[in-house]
2 protein chains.
Amino acid sequence: MSAEKIKNMEEFAALSGISRPTVSKYFHDPESVRPSTRERIEKALEQYDYRPNIFAMNQNRKLTKNVGILVPYLADPFFAEIARRIETSMIQAGYRPILLSSHGDPRLEVENLDLLRSIKPAGVLLAPLGRASERAAIERFCKDIPTVNFDANIEGVGEAFVGHNNTQATELMIEYLTRSGEPPVFFEMRSPPNPNARKRHKAYVATMERLGHTPHIIQVEGEGWELEEIGYRGGMTAITGRQLSTNTIFCSNDRLAIGLLAAAYELGLRVGLGGGCALRVAGHDNHPFCRYTCPTLTTISHNYGAIAATSAQTLVELIESGERSAERRTQLFDGELIMRASA
Amino acid sequence: MSAEKIKNMEEFAALSGISRPTVSKYFHDPESVRPSTRERIEKALEQYDYRPNIFAMNQNRKLTKNVGILVPYLADPFFAEIARRIETSMIQAGYRPILLSSHGDPRLEVENLDLLRSIKPAGVLLAPLGRASERAAIERFCKDIPTVNFDANIEGVGEAFVGHNNTQATELMIEYLTRSGEPPVFFEMRSPPNPNARKRHKAYVATMERLGHTPHIIQVEGEGWELEEIGYRGGMTAITGRQLSTNTIFCSNDRLAIGLLAAAYELGLRVGLGGGCALRVAGHDNHPFCRYTCPTLTTISHNYGAIAATSAQTLVELIESGERSAERRTQLFDGELIMRASA
DNA sequence: TTTAATTTTTTACGCGCGTAAATTATATTT
DNA sequence: AAATATAATTTACGCGCGTAAAAAATTAAA
């Protein structure tokens, strides 16, 4: 490889003995130039190690290969995992994903949308903060750029929504818990930062009533995204304060459940199904780490694979058809009961 | 807010009655224009909601406010956490971080470096994959762009290295474990994907020998970044195969330890310090989740705050001084023993 | 009010590339 | 070999903005 540094396509074109527009064409699609030309370009490429500037490329293109992925909080392994899968799908489909996290901050979410605008994305995959989001800004964004909404639904926003069927999943778990023991109390945050919490709350109440049980809800205090810590503290006060009307707790999400398990462990309560267990605990999400709690956490899994693949595919179709779909499609994937040792 | 859409600075300048270069100056630094002018611009800003295109801005600037952050595997909460902190630091310092993950793939690491080149970053914070990295590509990158290396050191690459003192940390843990019980066996992967593993291995051997003990190492099989799963499976075979020469296991990292704890739990081994415990397990990293294992995991914490802050600050200084430092600075932060219940 | 100092505007060019239209060169067919 | 089809080149302009230099307008000082 030569030591000379190549600044731009002009220089590279000169060195390879081909005109710049042809080189440009080559980078857009290597098949679109004559084989002999292609060979010459590729030989030069080996010698000089030039790569076109991606953002300059996209500046004057009507259709770019950039896509944005925006999630509310990347340090949460749930989002990290689903983002990773979507990223991989989009790369395989020939796109270049840019992943951004809003760190739980609605202002940063808006800023990130502005940043995404700047890369002229062909489309965006958006998991919004939810209630905290600045709806107007998001709506404006989606009006301009084809967007697939995932994980958390903002009604009417984006061309499509792909998500988890919280209602079905909640029913599934309550039915299982009721069938195999006492009906559960619901353990949640009073003001949850994560989306989906409301839906789960409502589904819990509705399902309990349908089954003829009285809903019983424990709402723990706490702000922010340190959900395990909040679950732990809330669990301590709930258990020591004897707020539990049954021996079965259904947590709004796995991270709260993980904290609750830690509290139970510390207080010497045995958690699980068998005789001699004082408590059953179930979660929701199938968080990457809940296979490794002690006891392992019974939970409901999102269909991660389907949600990631469908979101990605929906966006790709949207982009490649070139049309904005007339009606907004909503696709929900059923949750799956993951029976482990905690309930 | 008006319904009209503004495409570029030209249009916005026309609507606000100010010339484009002055508007450009305003966006660079609002204080640099006359107060009356600033007012007019800001009034127009409220009306029309225009934002300059970030990448077009940077295209022709000698010094941009973009910085890149590249980590090997973002779905690992360790990297998610440290990246989040660095991102926040850089935002506060007035920079615009772009966070990228290589998903454990060296080729993607090189592609990400190319992508970073395209945004003309003022500097880059790089946690390389380590041994798997394509050293030549990284060297070339660092020659062109001021880079601070963090977490995993690639000797001679980047202007500075900021990381965790694996040697001190390993010594600290071995001394603690030895003092409070039997000297530990070392539990690691035969071919670890994560950086730092080698250093810890060497430090283990050296420290054990210094203390007059025979090093005993269990190397588990497995590829990829599913470290908990690998730790679990390796733990199962190690325990059932009676490969343990002592009752104390020091894991190369917390994620392996988490898997190992799950295996011990499943096999009915009590883990912890007290009488009646068959095993002691310690980890390394202070992974965000090891506070919530059962028993809680004794480990060594990186000085997350210091590493993130120092990396960010070093890069900012490097950028703002405008010089490339003559000698490569290496800063290691000592680990801290986090005593919990598992050892 | 005049003069000097500071801003702002105008003008003009550059960044690295896309892309369309017209022209020229090369390959394929008859 | 001539005619046709295909590909490459030249030319020219655009994307959204930075920035430098000169000219014009505004403000502050004398």
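Quick note on labels: first sequence line is chain A, next is B, and so on, each numbered from 1. When reading the values below, keep in mind they use all heavy atoms of this one structure, side chains included, and skip hydrogens, waters and symmetry mates.
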Checklist outcome for this item: Nearest-nucleotide check on DNA chain C, Pro21(B) vs Met57(A); residue mapping nearer the 5' end is Pro21(B)
Checklist outcome for this item: Closest to the 5' end of DNA chain C, once Lys25(B) and Gln59(B) are matched to their nearest nucleotides, is Lys25(B)
Without decimals, in angstroms, what is the distance between [X] [atom1] and [N] [atom2]?
X	N	atom1	atom2	value
Lys65(A)	dG18(C)	NZ	P	14 Å
Asp114(A)	dG16(D)	CG	C1'	15 Å
Asn60(B)	dG16(C)	CG	C1'	10 Å
Asn58(B)	dG14(C)	CG	C1'	15 Å
His28(B)	dG16(D)	NE2	C1'	17 Å
Arg34(A)	dT24(C)	CZ	C1'	12 Å
Ile41(A)	dA7(D)	CD1	C1'	12 Å
Arg117(A)	dC15(D)	CZ	C1'	17 Å

Ignoring backbone atoms, establish whether [X] has a side-chain N or O less than 4.0 Å from OP1 or OP2 of [N].
X	N	result
Ser19(B)	dT10(C)	no
Thr22(A)	dT9(D)	yes
Tyr26(A)	dA7(D)	no
Lys120(A)	dG16(D)	yes
Ser24(B)	dC17(D)	no

Checklist entry - Are the aromatic ring centres of Phe333(A) and Tyr304(A) under 6.0 angstrom apart? => result no
Checklist entry - Side chains of Ile41(A) and Phe12(A): does their closest heavy-atom pair fall under 4.5 Å? => result yes
Item to check | Residue whose closest nucleotide on DNA chain D lies nearer the 5' end, Ile54(B) versus Ser36(B) | outcome: Ile54(B)
Checklist entry - Would you call Arg107(B) and Glu134(B) a salt bridge, taking side-chain N to carboxylate O under 4.0 Å as the test? => result no
Item to check | Pairing of Glu81(B) and Arg84(B) as salt bridge, 4.0 angstrom limit | outcome: yes
Determine whether any donor atom in the side chain of [X] lies under 3.5 Å from an acceptor atom in the base of [N], or the reverse, and answer yes or no.
X	N	answer
Asn8(B)	dG16(D)	no
Asn53(B)	dG16(D)	no
Arg20(A)	dG16(C)	no

Next on the checklist: Regarding Phe12(B), tell me which of base, sugar-phosphate or nothing describes its non-hydrogen contacts under 4.0 Å with the strands shown.
Outcome noted: nothing
Checklist entry - In terms of ring plane angle, is the pair Phe55(B) and Phe55(A) parallel, tilted or perpendicular, where the classes change at 30° and 60°? => result parallel
